[in-house]
Amino acid sequence: MELTICVGESCHLKGAEIVVKTFQTLIKKENLGDKINLKGSFCMGQCTPNEVTVQIDKTFYKTRYQESEAFFYNTLFPLLKN
Ligand code: FES
């Protein structure tokens, strides 16, 4: 899985670095290093007022940094099992 987190200016201001750190921690905790390729990206043209843009393979998602752990388990995790 290609997991790309936007670290452009707008997403940076909404906590993109916290999302990156949360995902890094959870990938390690769940032993998913060989299944997920985590990357950063400049603005993906998807800026929103309160959320960070996350791309999983070709699909864009949004998460608030406060909800990044829930996003990981509720949205990303089920996609891995497909
Ligand atoms: S800065 Fe992240 S989508 Fe624009």
Side-chain angles (χ1 to χ4, degrees):
M1 171 189 284
E2 293 291 316
L3 174 59
T4 310
I5 300 169
C6 180
V7 291
E9 192 177 342
S10 172
C11 290
H12 175 76
L13 292 173
K14 278 127 207 162
E17 274 176 49
I18 295 169
V19 177
V20 171
K21 286 200 178 113
T22 302
F23 286 0
Q24 282 173 333
T25 303
L26 295 174
I27 287 168
K28 205 168 174 185
K29 182 177 163 196
E30 300 294 342
N31 235 339
L32 294 170
D34 56 339
K35 291 197 174 151
I36 299 176
N37 184 20
L38 180 65
K39 298 186 295 188
S41 167
F42 292 116
C43 180
M44 296 170 161
Q46 306 282 324
C47 307
T48 58
N50 299 306
E51 296 166 307
V52 175
T53 302
V54 175
Q55 187 178 10
I56 300 176
D57 295 326
K58 294 196 164 130
T59 308
F60 292 111
Y61 298 85
K62 314 278 177 192
T63 181
R64 289 174 188 253
Y65 76 87
Q66 301 94 325
E67 294 158 4
S68 50
E69 182 165 344
F71 178 90
F72 187 90
Y73 284 112
N74 297 337
T75 303
L76 186 153
F77 215 66
L79 293 172
L80 276 174
K81 292 175 183 163
N82 290 337

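Just so it is clear, the model here is predicted, and its values are computed rather than measured.
For E9 (side chain) and C11 (main-chain N/O), no donor-acceptor pair under 3.5 Å exists by modelled atom type. Although no hydrogens or angles enter the test, the distance criterion places a donor-acceptor pair under 3.5 Å between the side chain of D57 and the main chain of E2.
Between M44 and T4, some side-chain heavy-atom pair lies under the 4.5 Å cut-off. Side-chain contact between F72 and L32: present, with at least one pair of heavy atoms (C-beta onward) separated by less than 4.5 Å.
Note that OG1 of T63 and CD1 of I18 are 11.5 Å apart. Values are rounded to the nearest 0.5 Å. Distance check: M1 CE to L80 CG gives 4.0 Å after rounding to the nearest 0.5 Å. If you take CG on L38 and CG on L3, they are separated by 5.0 Å, rounding to the nearest 0.5 Å. Rounded to the nearest 0.5 Å, atoms OH (Y65) and NZ (K21) are 13.0 Å apart. Remark: I27 CD1 to T22 OG1 distance equals 10.5 Å, nearest 0.5 Å. Residue Q55 holds its CD atom at 7.5 Å from OG of S41, rounded to the nearest 0.5 Å.
Y61 is connected to F77 through a chain of hydrophobic side-chain contacts under 4.5 Å among Ile, Leu, Val, Met, Phe, Trp and Tyr, so both are in one cluster. Both I56 and Y73 sit in one connected hydrophobic cluster of ILVMFWY residues. Membership requires side-chain heavy atoms under 4.5 Å apart, directly or through other members.
A 6.0 Å sphere centred on CD of Q66 holds more than 12 heavy atoms belonging to other residues, nucleotides or ligands. Within a 6.0 Å sphere centred on CZ of F23, heavy atoms belonging to other residues, nucleotides or ligands number more than 12.
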(request) In sequence, state the C-alpha distance, the side-chain angles, and the governing distance for L26 and L76, and then conclude on side-chain contact (heavy atoms from CB on, under 4.5 Å). (result) CA-CA 11 Å; L26 295 174; L76 186 153; over 6 Å; no

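Shown are T48, N50, T53; of these, the side chain to side chain donor-acceptor pair (under 3.5 Å) with K62 is made only by T53.
Side chains of S10 and K14: a donor on one and an acceptor on the other come within 3.5 Å.
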